[in-house]
Amino acid sequence: MLIDGKKVSMRIREEIKKEVVELKEKGINPCLSVVLVGSDMASRTYVNNKKKACAEVGMLSKEFLLPDEASEEELLELIDRLNKDKEVHGILVQLPLPKHIDEMKVIEAIDPKKDVDCFHPYNVGRLYTGSGIFAPCTPAGVMELIKETGTEIEGKECVVVGRSNIVGKPMAMLLLAANGTVTVTHSRTKDLKSVCKRADILIFAIGKAKFVNEEYVKPGAVVIDVGMNRDENNKLCGDVDFERVKDICGAITPVPGGVGPMTITTLLSNTLLAARMFG
Ligand code: NDP
């Protein structure tokens, strides 16, 4: 089974669109502020995609572009302004930031009520204690895709490969909350293949083009590929070698068209939620 992230995300975005209309009728105009520092092309593309997605669901987005040499202080001042702006419901600072800016300091400066990326330690803490307001964007998107396969997570062996704060760790928390038996693996894991091979649900978020082949996958397993890499021909590809895995697994996400669209969809849901709860 091919898990079509575009289709699932379109379905959810249609719902969001309706809810945006309802909120607007109550005088609340959901608005996401997107802050980009520097001229990195990939980041520029991500920001454009987010703006486009907002427009498609009728949500307002405001873009703030700062030059490569912008100081940490300038950025913190902008965030302070956005925190105080009653018309802004979500604040997203596109990562990575230039090296002279302390990323954690910037994330911590965002009002947790507007932290639609769910990166602020307050929101991370709430996620870990099972009382989260916002959903972590990529992992929550993955949960929707697993649901799409009809697979029950409860009691299943779930292996997450990668332990970043953005994907791996929050992913593990969501699977745990859904009563999965969760193993988190990383670059120091011994015998990764055999750990992966026992999984019913496998999530790869390592950032290595076509790293995973059939030797990592139990027949029938659900395989979710979060990776976004370039192959030897500069073509977008995942962490999983799709051609080698597709016939052995039970379900698999393609790259592109799998997890990617879902991440932005969760961002839209979070902005809508912020507008509804705190707007
Ligand atoms: P990071 O680089 O922050 O983390 C990578 C993780 O993978 C680390 O925990 C690292 O282990 C682990 N790892 C690296 N090599 C291996 C290996 N050989 N075996 C086992 N584990 C390994 O990446 P992110 O989590 O930010 O992103 C991962 C991938 O997902 C990237 O391709 C990124 O582009 C993509 N991504 C896609 C999104 C989407 O919307 N589709 C959103 C976010 C990310 P260790 O901790 O030991 O170093």
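Whatever order the structure lists them in is the order used to number ligands and atoms, beginning at 1.
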- Glu232 atom CD, over 12 foreign heavy atoms within 6.0 Å: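 Yes, the 6.0 Å shell around CD holds more than 12 heavy atoms from other groups.
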
- Message: Around atom NZ of Lys113, are there more than 12 heavy atoms from other residues, nucleotides or ligands closer than 6.0 Å?
- Response: no

- Item | Neighbouring protein residues of ligand 1 - any heavy atom closer than 4.0 Å |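 Within 4.0 Å of ligand 1, the protein residues are Thr138, Val161, Gly162, Arg163, Ser164, Val167, His186, Ser187, Leu192, Ala205, Ile206, Gly207, Lys208, Phe211, Val226, Gly227, Met228, Asn229, Val259, Gly260, Thr263.
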
- Query: Would you say Phe134 and Val116 make side-chain contact, with heavy atoms under 4.5 Å?
  - Reply: yes

- Distance-only donor-acceptor check, side chains Thr253 and Asp225, under 3.5 Å: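 No, Asp225 and Thr253 have no side-chain donor paired with an acceptor closer than 3.5 Å.
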
- Give a yes or no on whether the backbone of Ala135 and the side-chain of Asn270 come within a donor-acceptor separation of less than 3.5 Å.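 Side chain of Asn270 to backbone of Ala135, a donor-acceptor pair under 3.5 Å: yes, one is there.
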
- Task: Output yes when a side-chain donor or acceptor of Gln94 lies under 3.5 Å from a complementary backbone atom of Val34, and no otherwise.
- Result: no

